[in-house]
Participant: 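To start, I am sharing the structure in question, which I have written as structure tokens.
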Protein chains: 2
Amino acid sequence: MGTAERLIESAQQLLWERGYVGTSPKAIQQLAGAGQGSMYHHFAGKPDLALQAIRRSAEELRAQAEEKFSQPGTAYERIAAYLLRERDVLRGCRVGRLAHDPEVAGSPALREPLGETFAYLRRRIEELLEEGLEQGEFVGGMVPADVAAALVAVVQGAYVLAQSAGSVQEFERAVRGGLNLLAAYTA
Amino acid sequence: MGTAERLIESAQQLLWERGYVGTSPKAIQQLAGAGQGSMYHHFAGKPDLALQAIRRSAEELRAQAEEKFSQPGTAYERIAAYLLRERDVLRGCRVGRLAHDPEVAGSPALREPLGETFAYLRRRIEELLEEGLEQGEFVGGMVPADVAAALVAVVQGAYVLAQSAGSVQEFERAVRGGLNLLAAYTA
DNA sequence: GTCTATATAGTGATAGAC
DNA sequence: GTCTATCACTATATAGAC
């Protein structure tokens with residue numbers, strides 16, 4: 001594995017743990033086992049390296065989600081598979097945790113992979129809900145676009161509750177609640 | 001207003017905008033118009049000042065929420081009032097935005113006001129849901145504790161979606177979706 | 001491509017005068 | 001109580017040798 005590759009993966013890990021503001025180039029270099037000059041040879045600076053790391057993390061997250069969405073089963077089952085997916089809850093969401101970072105929120109470029117990821121998740125769940133409605137799996141009255149956004153938000157909010165309490169159970173309770181709500185629409 | 005008071009309010013504002021890691025004592029002092037020595041006279045250091053600021057923000061948030069919860073109306077209406085409450089969405093939640101901060105998440109003392117706030121919100125909504133169930137406002141099958149957690153999570157997640165997209169509409173869509181889901185349980 | 005040296009600014013705090 | 005001075009350390013690079 002090349003040095004540039006190791007730097008990106010180290011940046012991914014540190015961004016996940018400490019966010020953008022909390023991650024220094026020096027820390028990335030040390031984790032990657034690379035010198036100062038080496039990093040600045042491969043990347044223009046911290047924002048450049050961070051952007052590549054964020055893009056990579058966002059892609060990986062979408063791929064993990066798609067695995068669950070494209071399973072066999074009913075719409076409800078596939079959405080449940082996504083919500084109940086195994087997660088390292090107390091590490092937080094490696095994409096969503098960056099949303100409040102002032103340098104990320106303030107930079108359209110750094111923010112773009114986040115926006116794209118959540119737009120993708122929402123759209124994908126919306127499609128499943130529409131499919132379920134057509135097949136009579138859900139009763140009427142549901143607004144798929146809104147409900148899909150709410151379900152994506154439940155997962156992101158569940159991370160916030162869990163980290164605030166220092167307990168995985170808070171995550172699980174919120175996700176169960178999301179599914180309990182969705183179940184109210186099942187025919 | 002005393003210097004200590006101005007320092008706390010300045011810290012509240014900067015913690016809201018930039019989080020704990022992104023907020024320096026110097027920045028707080030400048031915003032408060034106080035010198036270095038003045039801050040260290042009134043507070044033991046950054047963690048001490050931050051703790052007092054976080055506690056204050058958490059209290060204020062709970063008071064704002066309680067205003068909506070204790071309104072007249074049905075359980076659904078009062079929960080909706082909380083969800084639809086006016087918010088400075090793109091500034092994020094001043095309490096929830098700290099949950100992913102590594103120094104906050106890693107400090108039981110700094111984290112405690114967050115955990116307390118979300119426990120309060122969840123419990124309060126759970127009470128409203130139970131009240132609604134008893135009065136026949138909601139149909140059976142609902143698990144109040146789980147649904148309450150999900151609704152709190154929807155709000156926190158909605159902030160994440162909005163900041164990621166740089167658009168308030170994402171917040172509004174997720175919250176509408178949360179209410180659309182809850183409406184499925186109304187008798 | 002990688003290394004060491006150097007630079008400027010900021011961080012979080014202490015010391016001691018006023 | 002507040003101020004200025006100072007400190008050791010880190011952040012984010014740039015320069016230039018190898």
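In what follows, chains are A, B, ... by sequence order, proteins preceding strands, each numbered from 1.
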Participant: Salt bridge or not for Arg124(B) and Glu127(B), using N-O below 4.0 Å?
Facilitator: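 Yes, Arg124(B) and Glu127(B) are salt-bridged.
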
Participant: Any ion pair linking Glu67(A) and Arg85(A) (charged N to carboxylate O, less than 4.0 Å)?
Facilitator: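 Salt bridge absent between Arg85(A) and Glu67(A).
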
Participant: What residues in residues 12-23 of chain B put a non-hydrogen atom under 4.0 Å from any atom of DNA chain D?
Facilitator: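 Under 4.0 Å from DNA chain D: no residue of residues 12-23 of chain B.
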
Participant: May I ask you to decide whether Arg123(B) forms a salt bridge with Glu126(B), counting only side-chain N to carboxylate O separations under 4.0 Å?
Facilitator: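 No, no charged N to carboxylate O under 4.0 Å.
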
Participant: Rounded to the nearest Å, what distance is computed from the CD atom of residue Gln29(B) to the P atom of nucleotide dT11(C)?
Facilitator: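 Answer to the nearest Å: 10 Å.
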
Participant: So what does Gly35(B) hit on the nucleic acid, given a heavy-atom distance under 4.0 Å: a base, only sugar-phosphate, or nothing?
Facilitator: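 Counting heavy atoms under 4.0 Å across all strands, the contact made by Gly35(B) is with sugar-phosphate only.
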
Participant: Relative to the 5' end of DNA chain D, which residue comes earlier, Gln36(A) or His41(B), by the nucleotide with the nearest heavy atom?
Facilitator: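 On the 5' side of the pair lies His41(B).
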
Participant: What integer distance in Å separates His42(B):NE2 from dA13(C):P?
Facilitator: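 Rounding to the nearest Å, NE2 of His42(B) and P of dA13(C) are 17 Å apart.
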
Participant: Test of understanding: clusters of I, L, V, M, F, W, Y form through side-chain heavy atoms closer than 4.5 Å, transitively. Do Leu61(B) and Ile79(B) belong to the same one?
Facilitator: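 As far as the 4.5 Å side-chain criterion goes, Ile79(B) and Leu61(B) are connected within one cluster.
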
Participant: So, is the end of the Lys46(A) side chain (NZ or CZ) under 6.0 Å from the ring centre of Tyr20(A) and within 45° of the ring's axis?
Facilitator: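 Because its charged atom sits under 6.0 Å from the ring centre and within 45° of the axis, Lys46(A) does stack over Tyr20(A).
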
Participant: Quick one: does Pro25(A)'s side chain get under 4.5 Å of Tyr40(A)'s, heavy atoms only?
Facilitator: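 Pro25(A) reaches Tyr40(A) side chain to side chain.
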
Participant: Which two nucleotides bound the region of DNA chain D that has atoms under 4.0 Å from heavy atoms of chain A, read 5' to 3'?
Facilitator: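 So the contact region on DNA chain D extends dA11(D) to dT14(D).
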
Participant: Hey, which of these two, Ala34(B) or Tyr40(A), hits DNA chain D nearer its 5' end, going by closest nucleotide?
Facilitator: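 Checking each residue's closest nucleotide, the 5'-ward one belongs to Ala34(B).
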
Participant: Answer yes if Ile8(A) and Leu14(A) sit in the same cluster of Ile, Leu, Val, Met, Phe, Trp and Tyr residues linked by side chain heavy atoms under 4.5 Å apart, and no otherwise.
Facilitator: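 Both belong to a single hydrophobic cluster.
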
Participant: Ser164(A): what forms a side-chain hydrogen bond (donor to acceptor under 3.5 Å, both in side chains) with it, not counting sequence neighbours?
Facilitator: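 Ser164(A) satisfies side-chain hydrogen bond (donor to acceptor under 3.5 Å, both in side chains) with no other residue.
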
